[in-house]
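One structure is given here, and the rest of the page talks about it.
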Amino acid sequence: MRAITNPSSLIHHHPAVASAVLRSLRHRFATFSPTLVKVKAQSNYTSCAELDNARTGRSGSLAAPPVQFDATQKIDVNPPKGTRDFPPEEMRLRSWLFHNFREVSHSFGFEEVDFPVLESEALFIRKAGEEIRDQLYCFEDRGNRRVALRPELTPSLARLVIQKGKSASLPLKWFAIGQCWRYERMTRGRRREHYQWNMDIIGVPGVTAEAELISSIITFFKRIGITASDVGFKVSSRKVLQEVLRRYSVPENLFGRVCVIIDKLEKIPIDDIKKELMSAELSEEAVEELLQILSMKSLTELEEKLGDSVEALEDLKKLFSLAEKYGYSEWIQFDASIVRGLAYYTGIVFEGFDREGKLRAICGGGRYDRLLSTFGGDDIPACGFGFGDAVIIELLKERGLLPELSPQIENIVCSLDQDLQGVASLVASRLREKGQSVDLVLENKPLKWVFKRAARINAQKLVIVGSAEWQKGMVRVKILSSGEQYEIKVDELE
Ligand code: HAM
């Protein structure tokens, strides 16, 4: 949705279009949410792509004067396009997913970290022409600072590692779960906001780190019922490309750009890829060689081409041998076409894919040994992955593996008499002190209503405060699964 240009200025400067503009505005006011229009106008909230368009005059400028809106209009109850609400049933699913992310991360000895959703825009600006750059939600804050909603977590993590400096004892094993924002074209599993689970190892130069990270993702898959016949990992190393570029004397500073171009292999026609590569100073011969190597699916083939002494091959062979020891060989395969779209990867790269080929990448990651130094820190080896919340949910739906999650509240407590409401509160407090969850009925409701509610929240016990029992300092407990009932002293409740 675009901001609506201030009608008065338009009318003033272009009287001839005045009536058409007013007609169109009247129509827009009738159909648009004034609240959304207001938010957008006040915050000047936009993607960099839109801002660029505004600068070049290509499309609706958000630098336009504030929008007039009719405050009496009803608000649009839908969240902004590409974003989600999480009502209780969706929130239960999200919590379940995050719980599994956390459990797996902890079981691998990782500590949780977090960063602000809003970061300095500069953190995400790299020269390689990445897609993520054009998808940035960025704007100027009230203090005239360029800021952006994070599209990923890795640059923030690198920033924090540098900030910690020598006080951080390596290796760091950190995980994070955070919301990321990308102004994406919406497809299945791709949204404008998504949550990402990241695990990163900082300070380990060898592929033992990558092997451990892949193992953690597989542990997660197994935990939620996904098997090696549902999902696989395509693995390669950017050092393969580096080697080819070195052989053709392509300057090192073009490496990131070439990787970003190659990542588009499945998205744009091959002739366009060739043109882009040649515009990045690659000769026709180098481009042909590169494309031939990228089509390789076996390490033996790669070895025949490059020889066995190149670093890429050593890394890949070691990783595959470690996979055997971990016992996850059937999950991973070499595929030279995998480069990933982010410019900072320097070594092993991998992505999780669904074997039916219906969905976009489930997760992706790799080694980024130079990101910290590009931010002005020391060169510290690092690798990690990002795992989104959207594609995995689609996959679970496809496989009929979505868990049935209902509310789980252990007790429902009610009083039969309004005068005993205070006693019911006391009973609820006692149970909560003992670590139990309690839904306290806050109004005087008939028992039929209470039973219905108990069923909806899956309560295990109904605790009834009635005057006859309370005179003896007791309450009545009903076990809802069996119907068993008993009286018990409040202090003995557990
Ligand atoms: P990425 O490949 O850009 O990597 O994203 C990682 C994962 O995030 C994707 O595989 C996908 O699951 C999810 N994802 C990305 N964009 C969207 C979207 N628009 N909607 C839904 N899900 C999405 C990174 O972001 C790296 N920073 C990962 C990393 C961490 N590398 C090292 N450490």
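As the structure lists them, so they are numbered: ligands from 1, and atoms in each ligand from 1. Note that the coordinates shown come from a computational prediction; the quantities given were computed from them, not determined experimentally. Values reported hereafter were calculated over all heavy atoms of this structure, with side chains retained and with hydrogens, waters and symmetry mates removed.
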Worksheet entry | Ligand-residue contact atoms, ligand 1 with Gly364, heavy atoms, under 4.0 Å | 10 (O), 28 (C)
Worksheet item: For the residue pair Phe385 and Trp197, does the interplanar ring angle fall in the parallel (under 30°), tilted (30 to 60°) or perpendicular (over 60°) class?
Response: perpendicular
Worksheet entry | Protein residue, atom and distance nearest to atom 7 (C) of ligand 1, heavy-atom basis | Gly386 O, 3.4 Å
Worksheet item: Please state which protein non-hydrogen atom is closest to atom 9 (C) of ligand 1 and give its distance, to 0.1 Å?
Response: Arg190 NH2, 4.1 Å
Discussion item. Give me the residue, atom name and distance of the protein heavy atom closest to atom 4 (O) of ligand 1.
Written reply: Leu342 CD1, 3.5 Å
Worksheet item: With a 4.0 Å cut-off on heavy atoms, does Leu153 reach ligand 1?
Response: no
Worksheet item: Under 3.5 Å, is there a donor-acceptor pair between the Tyr195 and Arg94 side chains?
Response: yes
Item to complete: Determine whether any heavy atom of Phe350 lies closer than 4.0 Å to an atom of ligand 1.
Response: no
Discussion item. Taking 4.0 angstrom as the limit and counting only heavy atoms of Tyr368, give me the atoms of ligand 1 inside it, by number and element.
Written reply: 32 (C), 33 (N)
Practice prompt. Give the atoms of ligand 1, by number and element, whose distance to some non-hydrogen atom of Asp200 is under 4.0 Å.
Written response: 30 (C), 32 (C), 33 (N)
Fill in: Side-chain H-bond candidate by donor/acceptor type, Ser406 with Asn458, under 3.5 Å
yes
Worksheet entry | salt_bridge(Glu131, Lys264) N-O dist < 4.0 Å | no
Worksheet, complete the sentence: the protein heavy atom lying closest to atom 19 (N) of ligand 1 turns out to be Arg191 O, 2.8 Å
Worksheet item: Is the Phe233 ring parallel, tilted or perpendicular to the Trp331 ring (thresholds 30°, 60°)?
Response: tilted
Response to the item:
At under 4.0 Å between heavy atoms, what of Ile362 touches ligand 1? The answer is backbone
Discussion item. Regarding ligand 1, does Tyr345 bring an N or O atom to under 3.5 Å of one of the ligand's N or O atoms?
Written reply: yes
Item to complete: In plain terms, say whether Asp263 and Arg340 are close enough for a salt bridge, that is, a side-chain N and a carboxylate O under 4.0 Å apart.
Response: no
Discussion item. Within the 3.5 Å criterion, strictly below it, is a donor on Glu410 or Ser437 matched to an acceptor on the partner's side chain?
Written reply: yes
Worksheet entry | Heavy-atom nearest neighbour in the protein, as seen from atom 5 (O) of ligand 1, with distance rounded to 0.1 Å | Gln196 NE2, 3.5 Å
Practice prompt. Give a yes-or-no answer on whether the side chains of Glu324 and Ser329 include a donor-acceptor pair shorter than 3.5 Å.
Written response: no
Response to the item:
One finds that the ligand 1 atoms under 4.0 Å from a non-hydrogen atom of Tyr344 are 26 (C), 27 (N)
Worksheet, complete the sentence: atom 16 (N) of ligand 1 has as its nearest protein heavy atom Arg182 NH1, 3.2 Å
Worksheet item: Nearest protein heavy atom to atom 14 (N) of ligand 1, by residue and atom, and its distance?
Response: His194 NE2, 3.3 Å
Worksheet item: Is a donor on one side and an acceptor on the other found under 3.5 Å between the side chain of Arg367 and the backbone of Thr346?
Response: no
Practice prompt. Below 4.0 angstrom from a heavy atom of Cys363, which ligand 1 atoms are there? Numbered from 1 as shown, please.
Written response: 10 (O)
Discussion item. Quick test of your reading of the structure: of Gly388, Gly341, Gly189, whose heavy atom lies closest to atom 21 (C) of ligand 1?
Written reply: Gly189
Worksheet item: Do any N or O atoms from the side chain of Ser283 and from the backbone of Ala286 form a donor-acceptor pair under 3.5 angstrom?
Response: yes
Worksheet item: Within the structure, does Gly365 bring an N/O atom to less than 3.5 angstrom of an N/O atom in ligand 1?
Response: no
Worksheet entry | Which of the ligand 1 atoms, numbered from 1, are nearer than 4.0 Å to a heavy atom of Gly384 | 30 (C), 31 (N), 32 (C), 33 (N)
Fill in: Among Val349, Leu322, Ile348, Ile201, side chain to side chain contact (heavy atoms under 4.5 Å, CB included) partner for Glu210
Ile348
Worksheet item: In terms of side-chain heavy atoms, does Tyr368 have a donor or acceptor partner in Asp200 at a distance below 3.5 Å?
Response: yes
Worksheet item: Between Trp181 and ligand 1, which part of the residue brings a heavy atom under 4.0 Å of the ligand: side chain, backbone, both or neither?
Response: neither
Worksheet item: In terms of ring plane angle, is the pair Phe220 and Phe387 parallel, tilted or perpendicular, where the classes change at 30° and 60°?
Response: perpendicular
Worksheet item: Does Arg340 approach ligand 1 within less than 4.0 angstrom via side chain, backbone, both or neither, non-hydrogen atoms only?
Response: side chain
